[in-house]
Amino acid sequence: MGKKSRCGGCFGWFIVFIVVIVVICAVVYTVKKNKHKSADEGPAPIPGPPGAIDQKYAAALKLAMQFFDVQKSGELVEDTISWRGDSGLKDGIQADLDLSKGMYDAGDHMKFGFPMAFTATVLSWAILEYGDQMAVVNQLEPAKDSLRWITDYLINAHPSANVLYVQVGDPKTDHGCWDRPENMTEKRPLLMVNKTKPGSEVAAETAAAMAAAAMVFKASNQRYSNTLLTHAVELFGFADKYRGSYSDSIKDVQNYYNSSGFGDELLWAASWLYHATGEKSYLQYVTGQNGDDFADYGTPSWFNWDNKLAGTQVLLARLTFFGGEEKSDSGLQRYKDTAEAVMCGLIPDSPTATTSKTDGGLIWISEWNCLQHAVASAFLAKLYSDYMLTSGTQKISCSGDSFRASDLQKFAKSQADYVLGKNPMEMSYLVGYGKKYPEYVHHRGASIPAKANVTCKTGWKYLEKKDPNPNVAVGALVGGPFLNETYIDDRNNSMQGEPTTYNSALIVGLLSGLVTTSSAVQSFA
Ligand SMILES: *[C@@H]1O[C@H](CO)[C@@H](O)[C@H](O)[C@H]1NC(C)=O
Ligand SMILES: *[C@@H]1O[C@H](CO)[C@@H](O)[C@H](O)[C@H]1NC(C)=O
Ligand SMILES: *[C@@H]1O[C@H](CO)[C@@H](O)[C@H](O)[C@H]1NC(C)=O
Ligand SMILES: *[C@@H]1O[C@H](CO)[C@@H](O)[C@H](O)[C@H]1NC(C)=O
Ligand SMILES: *[C@@H]1O[C@H](CO)[C@@H](O)[C@H](O)[C@H]1NC(C)=O
Ligand SMILES: *[C@@H]1O[C@H](CO)[C@@H](O)[C@H](O)[C@H]1NC(C)=O
């Protein structure tokens, strides 16, 4: 009797065993599938379902998402904000373009293409990573709707391969008015970049936004997704081939969204295009000579509308956590090491912890719109901690000390909690959240009664009114406190009291990550 025959009866049991396993798997799969069907449409969450909902962050997320509706230009399909109406309907008309959609930048009525594209990239990233968590609190569709409001605009702003319209409105004229968007009558000139006057940072950021959004819409609208990807590829080619900063090409933009360089946006866009297409050339682009030229390996930086390096490092680190052959790519390792240096700077107990913070622990880099850096850092920390948890990575090392995913989580929560009221002022900087929040937000539309018939000049009296804003700029994330943690709630205090759309994208990303206890992030694939 050979070994085989010794277990003649085992084969039958083996069959039974296999059948049982298959049945269990099928049942589990069906249960999981149905569970998600009931939540919201969109791609199935991989690898795990969202955990328990944290009501505090859920409430904050729902508010934050609404600020995109406050900022919408064009013909409003659904008037979800009672005091908003159609506006900017003729934007782009002088160039035979429909630039009516998109979003106003801040408390004014400018459409600045550079930060608007950044808003779309960050919002896409949030949806790609945390769309399943948004869905359980019914925020996935609003997020996709707001994203599309911007990408529809970006598509129209890119009428041919090497032409991109990057601004609607003249800031001097626009800022000379205090009116409602619905009552604007001032001229709305356009600015463009092209082959002779290039703008690599704005073209590349727009490419990044469209590549990321192409992935968001892939499952629900393949045609739209393809359109976005075509634009993204073309814009990246334009940005890379005709290198130059829009700040040099068009000196006027220096007064508002001055760019400090385009190398970071080229790497950021190529990274998004690699995720969207899987084409090796984009990976080689970031790990080769361009990386040497622009990546500033080893040096931590602050993620914001002007500097995409920290975001690029985290996005590329993703590949070394979850990728296939990319895991052992030594070029990518340099990005991951730098991402880790960024994380080490954020963890308060780390030997390399940043000193750029308030006594209460809020990351604080600049007086103007200080919260953008705190929230952006927290969003990246939340992403990194989830990459660690999902990939089973125990620790990161900071100059010899090691830290866990939970240390990054704790940091991310500390920034969110500060913003939501756990601060010396005991006020929330997210408008509409909590008992005390800014009532004199620097926002024209919010400051003027909805039915008022104002002109550019007659509206100024509403800036000076002593009463709180008649309309709540719901979900606005204002600029934030001074380094000494005080805040002056004054309508003319634009340094502290003016919200921006990119602030909203960043806090939506952070809150979406915190809204459930799940550690799982979606695969982009
Ligand atoms: C300004 O808005 C008000 C209220 O929506 C409207 O009645 C009025 O016609 C508008 N005026 C102009 C000049 O657009
Ligand atoms: C190229 O862009 C510059 C800067 O915006 C603009 O002045 C110029 O007219 C554009 N060229 C063409 C051919 O449109
Ligand atoms: C804009 O940025 C460039 C490059 O960093 C700098 O040289 C220039 O002075 C800045 N312009 C203004 C108005 O701040
Ligand atoms: C709004 O004001 C303008 C002049 O400022 C006037 O021509 C127009 O008739 C007014 N519209 C309404 C609806 O009152
Ligand atoms: C806090 O800092 C601001 C800006 O530097 C300053 O104007 C204000 O007086 C300071 N407040 C206190 C209470 O120190
Ligand atoms: C608002 O602030 C600006 C400077 O930022 C100043 O020029 C203007 O006079 C102030 N307006 C009022 C009404 O206080």
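Atoms within a ligand are numbered from 1 in the order they appear, just like the ligands themselves.
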Subject >> Minimum heavy-atom distance E265-D306, with the two atoms named >> reply: OE2-O, 3.3 Å

Original post:
If you count the atoms of ligand 3 from 1 in the order shown, which ones are under 4.0 Å from a heavy atom of N258?
Top reply: 1 (C), 2 (O), 3 (C), 8 (C), 10 (C), 11 (N), 12 (C), 14 (O)

Original post:
Pick from D108, N469, D174: which one makes a side-chain hydrogen bond (donor to acceptor under 3.5 Å, both in side chains) with R444?
Top reply: D174

**OP:** Quick one, list the residues around ligand 4 where some non-hydrogen atom comes in under 4.0 Å, by chain and residue number.
**Re:** N453, T455

**OP:** Could you walk me through whether S245 and E201 pass the side-chain hydrogen bond (donor to acceptor under 3.5 Å, both in side chains) test, one step at a time?
**Re:** CA-CA 6 Å; S245 169; E201 66 283 273; 2.7 Å; yes

Original post:
Is there a heavy atom in M184 that sits closer than 4.0 Å to ligand 1?
Top reply: no

Subject >> Crowding at CD, Q254 (>12 non-hydrogen neighbours, <6.0 Å) >> reply: yes

Original post:
Does atom NZ of K435 have more than 12 heavy-atom neighbours from other groups under 6.0 Å away?
Top reply: no

Subject >> Partners passing side-chain contact (heavy atoms from CB on, under 4.5 Å) against K336 (at least two apart in sequence or in another chain) >> reply: A317, T320, F321, Q333, E340, Y384

Original post:
Judging by distance only, is a nitrogen or oxygen of Q254 under 3.5 angstrom from one on ligand 3?
Top reply: yes

**OP:** Please say which of F294, Y274, F262, F303 ends up in a ring-ring contact (aromatic ring centres under 6.0 Å, His included) with W268.
**Re:** F303

